[in-house]
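Inspection log for the structure reproduced underneath, given as structure tokens.
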Number of protein chains: 2
Amino acid sequence: MPPSLTSAIATPRPRRLVVAGTEGCATCAICEVRANGICSALNDPELERLAQVAVKVVIPPGQIFIEEGARADEFFNVTSGTVKLFKSLPDGRRQITGFVSVGHFLGLAVSKTYAFGAEAIDQVRLCRFSRTRLDPVINEIPRLERRLLSEAANELVAAQEQMLLLGRKTARERVASFLQELLEKEYGDSPAPGAWISFPMTRADIADYLGLTVETVSRTLSGLRREGLITVRNGHEISIITPSRLHAIARGEG
Amino acid sequence: MPPSLTSAIATPRPRRLVVAGTEGCATCAICEVRANGICSALNDPELERLAQVAVKVVIPPGQIFIEEGARADEFFNVTSGTVKLFKSLPDGRRQITGFVSVGHFLGLAVSKTYAFGAEAIDQVRLCRFSRTRLDPVINEIPRLERRLLSEAANELVAAQEQMLLLGRKTARERVASFLQELLEKEYGDSPAPGAWISFPMTRADIADYLGLTVETVSRTLSGLRREGLITVRNGHEISIITPSRLHAIARGEG
DNA sequence: CGGTCTATTGAGCCAAATCAAGATGCGTGG
DNA sequence: CCACGCATCTTGATTTGGCTCAATAGACCG
């Protein structure tokens with residue numbers, strides 16, 4: 001199981017952090033994603049308090065807005081689009097630790113620096129909070145802290161699941177797990193066989209997420225297609241024909 | 001990179017949860033590990049409050065005291081010994097997601113059931129709290145919740161590091177990373193070259209932690225020994241001769 | 001319609017898994 | 001004390017799943 005240098009290096013490194021578009025500070029109360037993420041835990045006056053320290057920003061596709069190892073003095077809340085979180089080795093090998101989208105809170109790292117990087121896959125909208133300004137708000141609103149704790153616990157569970165995948169699953173099982181995850185994100189646990197799911201990440205992203213190479217991901221998807229388990233459209237839309245079969249494969253019972 | 005069925009199955013499944021020794025409820029104020037873990041965040045009256053809901057238990061080596069998927073109605077705080085946390089696939093493949101020892105808090109899972117299992121490696125002492133009794137205490141003491149959040153964030157960082165290891169590192173880099181981790185747990189970041197570090201886990205545990213097989217772990221350790229980077233004594237004690245070389249290997253610069 | 005990414009497919013290779021002996025250590029009981 | 005049984009660890013021989021290298025095929029875009 002040699003490291004896949006090329007898959008990581010071949011990915012063109014997106015340009016560095018440049019100034020992202022700022023949309024001014026809208027009131028959170030009328031935020032279109034108020035029902036999602038940490039904001040859903042707050043009432044109107046609390047949201048008002050939060051709005052005072054929030055700045056909405058727009059990040060273009062491919063831009064890194066959290067640099068690994070940089071000083072961690074900002075938090076983010078994703079309001080639209082998809083973000084990839086990653087860690088890298090000095091020689092460029094890269095592991096994507098998660099894809100996150102609307103409602104997700106970023107920057108929980110307690111240390112002085114970010115332990116991971118974050119890059120926009122498609123166009124991403126964020127609420128940005130400076131740490132120094134958010135901290136007192138968190139202290140004021142215990143429910144917010146409780147919400148963060150519960151979010152952290154959920155992420156921990158997901159991380160453990162991913163460790164099982166990376167340490168013990170075959171390529172086929174990994175790809176099936178990934179598709180399964182897409183399905184669940186879209187439809188919860190109701191299978192919805194045959195519906196089209198579109199995803200923004202490239203094969204290289206999927207490979208770096210699953211600890212594989214681009215070629216293996218591509219080959220494995222082709223295999224599943226040939227077996228009639230899935231259909232692929234435009235490369236970035238799939239339809240899962242037999243969710244239960246896929247689920248069995250993902251758990252190693254395929 | 002086929003799954004290592006044997007390494008997981010060969011490991012004899014320890015007996016099921018039987019009644020563990022109970023030591024009665026000592027006051028936390030005089031607890032020998034008061035300075036560690038969540039308790040260190042509390043003052044005397046708060047500890048007194050905590051003591052009311054805590055039960056000290058002793059777990060013999062090899063016993064599973066958290067069953068994957070079981071109802072999660074208890075929390076634990078490790079006061080001595082070493083615990084392995086793991087997730088398994090239906091066919092027995094196993095991934096150890098972490099080794100935890102004194103001061104560590106277990107059971108953060110927000111869901112109804114535990115997402116992972118926990119097994120004592122050597123003799124383990126725990127403080128056990130029932131969820132229903134601990135919840136109000138957490139609500140009363142915001143500092144406790146903050147402490148839990150910070151612990152969760154730290155675990156998340158460790159989990160991301162482990163995903164990088166499992167997804168992108170070679171066997172040699174994984175073993176070096178593991179040894180590096182042992183060294184850091186023992187001495188922080190001051191290298192202490194040549195000192196003996198003893199660890200309780202077997203080669204099978206290490207393999208299940210690093211996503212390798214027993215044979216590969218053994219061979220790799222032999223390799224590092226042959227190269228004069230480490231010395232091994234009794235199989236469960238090592239001395240790291242050149243910490244900086246090891247660290248370089250762990251980061252993929254070896 | 002050429003240029004540049006991104007994805008697919010094929011051929012060959014290699015790191016780690018699997019299979020197979022031994023070696024070492026350790027508790028138990030004669 | 002040693003002999004036995006059992007588990008753990010090490011080492012060797014062989015196999016293989018996924019990586020690497022290489023070439024082609026789409027997709028997108030100015």
Side-chain angles (χ1 to χ4, degrees), chain A residues 1-14 61-62 92-94 121-122 165-175 198-208 210-226 230 232-238 252 254, chain B residues 1-14 61-62 91-94 121-122 165-175 199-208 210-226 230 232-238 252 254:
Chain A
M1 180 202 330
S4 90
L5 269 170
T6 50
S7 83
I9 287 176
T11 309
R13 271 307 210 294
R93 277 175 282 172
R94 175 182 295 204
I121 294 182
D122 43 18
L165 179 149
L166 293 169
R168 290 301 180 212
K169 288 187 184 178
T170 65
R172 185 177 162 83
E173 288 160 3
R174 293 180 198 205
V175 172
S198 73
F199 53 93
M201 54 291 271
T202 65
R203 299 292 184 271
D205 288 337
I206 299 171
D208 281 348
L210 300 178
L212 300 170
T213 57
V214 191
E215 294 93 327
T216 299
V217 170
S218 186
R219 263 187 265 272
T220 307
L221 283 172
S222 297
L224 294 174
R225 187 150 36 79
R226 218 172 300 118
I230 60 170
V232 182
R233 197 163 72 177
N234 307 330
H236 292 270
E237 285 175 273
I238 57 149
Chain B
M1 183 206 327
S4 93
L5 270 170
T6 51
S7 84
I9 287 177
T11 310
R13 272 306 210 294
D91 64 8
R93 277 175 281 172
R94 175 182 297 203
I121 293 182
D122 44 18
L165 179 149
L166 292 169
R168 290 299 180 216
K169 289 188 184 178
T170 64
R172 185 178 161 84
E173 288 160 3
R174 292 180 199 205
V175 171
F199 53 92
M201 55 291 271
T202 65
R203 299 292 184 272
D205 288 337
I206 299 172
D208 281 349
L210 300 179
L212 301 170
T213 58
V214 192
E215 295 93 328
T216 299
V217 170
S218 184
R219 263 188 266 272
T220 308
L221 283 172
S222 297
L224 295 175
R225 188 150 36 80
R226 217 171 301 119
I230 61 170
V232 182
R233 197 163 73 176
N234 308 330
H236 291 270
E237 284 175 273
I238 57 150

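Every chain is numbered from 1 and lettered A, B, ... according to where its sequence line falls, protein lines coming before strand lines.
- For the OP1/OP2 pair of dT8(C) and a distance below 4.0 Å, the side-chain nitrogens and oxygens of Arg219(A) include no atom meeting the criterion.
- For the helix from dC1(C)-dG30(D) to dG30(C)-dC1(D), the angle separating the two terminal helix axes comes to 30°, with each axis derived from five pairs and the value rounded to 10°.
- The distance from atom CD of Glu237(B) to atom C1' of dG25(C) is 14 Å, rounded to the nearest whole Å.
- For Thr216(A), no side-chain nitrogen or oxygen approaches OP1 or OP2 of dG18(D) to under 4.0 Å.
- Among the atoms of the strands shown, only primed sugar atoms or phosphate atoms (P, OP1, OP2) are found under 4.0 Å from some heavy atom of Ser222(A).
- dC9(D) atom P lies 17 Å from atom CZ of Arg233(B), rounded to whole Å.
- Between Leu166(A) atom CG and dG18(D) atom P the separation is 13 Å, expressed in whole Å.
- Counting heavy atoms from C-beta outward, Thr220(B) and Arg174(B) have side chains that stay 4.5 Å or more apart.
- Residues Ser222(B) and Arg225(B) meet the side-chain proximity criterion, which asks for heavy atoms closer than 4.5 Å.
- dT8(C) atom P lies 11 Å from atom CZ of Arg226(A), rounded to whole Å.
- Following rounding to the nearest Å, Glu215(A) (CD) and dC19(D) (C1') show an atom-to-atom distance of 8 Å.
- Across the protein-nucleic acid pair, Arg93(B) atom CZ and dA17(C) atom P stand 13 Å apart, rounded to whole Å.
- For the OP1/OP2 pair of dT8(D) and a distance below 4.0 Å, the side-chain nitrogens and oxygens of Thr202(B) include no atom meeting the criterion.
- The two residues Glu173(A) and Lys169(A) make their nearest non-hydrogen contact at OE1-CA, 3.3 Å.
- In this structure, Ile121(A) and Pro200(A) approach most closely via the heavy-atom pair CG2-O, 3.6 Å.
- Regarding Asn234(A), its CG atom lies at a distance of 16 Å from the C1' atom of dT8(C), rounded to whole Å.
- Residues Asp91(B) and Gly252(A) come closest through the heavy atom pair OD2-O, 4.2 Å.
- In this model, the phosphate group of dG25(C) is not approached by any side-chain N or O of His236(B) to a distance below 4.0 Å at OP1 or OP2.
- Salt-bridge check for Glu237(A) with Arg233(A): passed, with a basic side-chain N closer than 4.0 Å to an acidic carboxylate O.
- The interatomic distance linking Leu210(A) (CG) with dG17(D) (P) rounds to 19 Å, in whole Å.
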